[in-house]
Amino acid sequence: MHSKEQLLPELPEVETTRRGISPILSGSRVRDVIIRQKKLRWPIPASLRKCLPGNSIDSVDRRGKYLLLACKTGTLIIHLGMSGSLRFVKEGTVPQKHDHVDIVMNDGMVLRYTDPRRFGCMLFEKDDIKSHPLLCKLGPEPLGENFDATYLFGKSRGRSAPIKAFVMDSNIVVGVGNIYANEALFMAGINPKTKAGRISIGRYERLVQCIKTVLKEAITRGGTTLKDFTDSEGKPGYFSQQLQVYGREGEPCMNCGNTLKEIRQAQRSTVYCPHCQR
DNA sequence: ACTTCGACCTGTTGGC
DNA sequence: TGCCAACAGGTCGAAG
């Protein structure tokens with residue numbers, strides 16, 4: 001059976017994390033930064049230890065799946081990759097194998113970064129955060145107002161890439177990962193293999209609506225089940241029973257009952273209903 | 001300019 | 001039952 005117990009941080013999970021850590025961080029000052037493993041996707045820069053201690057966290061924002069913790073000297077950029085998570089522990093809590101970074105606050109709370117696969121990153125940008133190479137080319141936020149059918153339709157003209165790859169392209173729109181791309185395309189009734197450039201504006205209208213709905217629902221579920229980011233179980237998780245297609249290959253379509261099919265697209269698993277999705 | 005693909009990493013799973 | 005290869009995933013950046 002598929003394993004949805006494992007956290008794969010998509011945009012809703014990152015947003016849930018942001019909302020969880022923001023109130024606890026605000027009003028507290030960083031006392032120390034402890035780096036046990038600096039080899040993440042990119043090495044954690046020394047500037048993190050130099051620039052963070054002594055400063056209060058002024059804001060906790062999100063851009064796509066990047067968390068942005070701003071302080072006076074710059075911005076801490078955090079990505080959770082595929083297996084990362086953040087939670088608060090009390091100072092003195094013994095770190096486990098994959099607990100790579102601690103941000104120790106002056107009140108004794110510790111923001112602990114865990115990431116078994118180390119696909120995530122922790123960077124520090126002293127200058128204008130918006131011009132950072134990781135952020136400056138990103139497409140609009142999927143839940144923002146400027147992500148609409150007109151935008152997607154315009155961007156898609158002349159594109160031969162399959163629609164699933166297109167909506168997962170962070171230069172087109174951020175925050176649509178494999179799971180929710182599958183779910184949104186199912187909800188919109190669009191075959192994942194359809195070339196992006198061949199889809200009408202009417203169908204993009206539907207797709208935009210579905211992407212927003214799927215992400216919003218997931219954030220709502222994350223928010224309602226998030227107990228506490230200060231305990232060790234404080235990771236937001238999926239509700240696999242809410243997923244209509246992802247991980248359900250070979251099982252009946254919840255809409256028509258036909259068998260859901262799995263294919264590979266760009267080395268990623270795509271599950272869809274050949275009957276409902278055209 | 002666009003598209004595809006390799007690389008990174010480790011816990012879990014499937015096959016023999 | 002045990003071992004190992006394959007797999008899962010986000011996304012950057014190189015290659016086509």
Side-chain angles (χ1 to χ4, degrees), chain A residues 1-17 36-45 62-68 77-86 95-101 113-123 125 132-142 152-184 192-199 211 215 218 235-238 240 243 245-250 262-271:
Chain A
M1 192 54 85
H2 38 99
S3 62
K4 241 48 92 283
E5 333 307 331
Q6 177 76 39
L7 169 71
L8 306 169
E10 293 233 22
L11 184 139
E13 289 71 30
V14 177
E15 176 60 19
T16 299
T17 298
R36 299 182 197 84
Q37 168 63 276
K38 69 174 179 184
K39 287 174 68 180
L40 302 183
R41 192 179 209 282
W42 297 283
I44 299 175
R62 179 186 58 74
R63 180 74 177 94
K65 296 178 188 172
Y66 292 95
L67 286 168
L68 306 173
I77 303 172
I78 303 173
H79 197 290
L80 300 176
M82 291 187 38
S83 58
S85 63
L86 287 165
Q96 304 300 300
K97 188 178 178 184
H98 301 297
D99 294 343
H100 305 315
V101 181
Y113 175 84
T114 307
D115 187 1
R117 293 181 196 176
R118 311 213 308 268
F119 273 25
C121 69
M122 269 204 181
L123 300 169
E125 173 59 51
H132 192 281
L134 287 175
L135 305 175
C136 65
K137 289 175 184 169
L138 294 178
E141 289 289 327
L152 254 198
F153 180 78
K155 280 280 182 185
S156 68
R157 292 309 90 181
R159 295 289 192 105
S160 62
I163 183 63
K164 187 187 175 226
F166 183 70
V167 298
M168 287 180 69
D169 183 344
S170 63
N171 295 312
I172 301 301
V173 57
V174 296
V176 183
N178 196 42
I179 294 173
Y180 294 121
N182 277 301
E183 295 299 313
K193 292 184 288 190
T194 309
K195 292 184 192 323
R198 294 272 184 83
I199 294 175
I211 288 172
L215 293 177
K235 296 179 178 184
Y238 300 115
S240 41
L243 299 176
V245 286
Y246 182 81
R248 296 195 64 243
E249 62 277 6
E262 177 174 38
I263 58 171
R264 306 288 299 177
Q265 290 184 297
Q267 298 142 329
R268 292 291 177 268
S269 165
T270 296
V271 185

Presence of Q267(A) side-chain N/O under 4.0 Å of dG6(B) phosphate oxygens OP1/OP2: yes
Does the side chain of H98(A) get closer than 4.0 angstrom to OP1 or OP2 of dT10(B) through an N or O atom? no
Please tell me if Y66(A) has a side-chain N or O lying less than 4.0 Å from either OP1 or OP2 of dC12(C). yes
Please report, rounded to the nearest Å, how far the P atom of dC12(C) is from the CD1 atom of I172(A). 13 Å
Nearest-Å distance, CG (L135(A)) to C1' (dC12(C))? 13 Å
To the nearest angstrom, how far is Q265(A) atom CD from dG10(C) atom P? 13 Å
Are a donor atom and an acceptor atom from the side chains of N182(A) and Y180(A) found within less than 3.5 Å of each other? no
Of the non-hydrogen atoms in P9(A) and S83(A), which two are nearest, and what is the gap between them? CD-N, 4.1 Å
Tell me whether the side-chain N/O atoms of R118(A) come closer than 4.0 Å to OP1 or OP2 in dT10(B). yes
Just how far, in rounded Å, is P of dC7(C) from CG of N178(A)? 15 Å
Check whether NZ of the Lys or CZ of the Arg R248(A) lies under 6.0 Å from the centre of the six-membered ring of Y246(A) and within 45 degrees of that ring's axis. no
What is the distance, to the nearest angstrom, from the CD1 atom on I179(A) to the P atom on dG10(C)? 7 Å
By ring pair (Phe, Tyr, Trp, His ring centres under 6.0 Å), which residues pair with Y66(A), not counting sequence neighbours? H79(A)
Does a donor on one side chain and an acceptor on the other come within less than 3.5 Å for N178(A) and K164(A)? yes
Does dG11(B) have its OP1 or OP2 closer than 4.0 Å to a side-chain nitrogen or oxygen of K97(A)? yes
hbond_proxy R268(A) side chain to dA8(C) base (donor-acceptor, 3.5 Å cutoff): no
Would a distance-only check, ignoring hydrogens and angles, find a side-chain to backbone donor-acceptor pair under 3.5 Å from R36(A) to D99(A)? yes
Using the 3.5 Å cut-off, write out each protein N or O paired with an N or O of nucleotides 13-16 of chain C and the distance between them.
none

Rounded off to whole Å, could you give me the CD-to-C1' distance for the E249(A) and dG14(B) pair? 14 Å
Is there aromatic stacking of F119(A) against dC9(B), centre distance under 5.5 Å, plane angle under 30°? no
Selection: residues 154-170 of chain A, any non-hydrogen atom under 4.0 Å of DNA chain B: R159(A), S160(A), A161(A)
With salt bridge (Lys or Arg N to Asp or Glu O under 4.0 Å) as the criterion, how do K65(A) and E13(A) come out once you've worked through the C-alpha distance, each side chain's angles and the decisive distance to 0.1 Å? CA-CA 9 Å; K65(A) 296 178 188 172; E13(A) 289 71 30; over 6 Å; no
Round to a whole Å and report the spacing from CG of L40(A) to C1' of dC9(B). 11 Å
Ignoring hydrogens and angles, state whether a donor on the side chain of Q96(A) or T114(A) is under 3.5 Å from an acceptor on the partner side chain. no
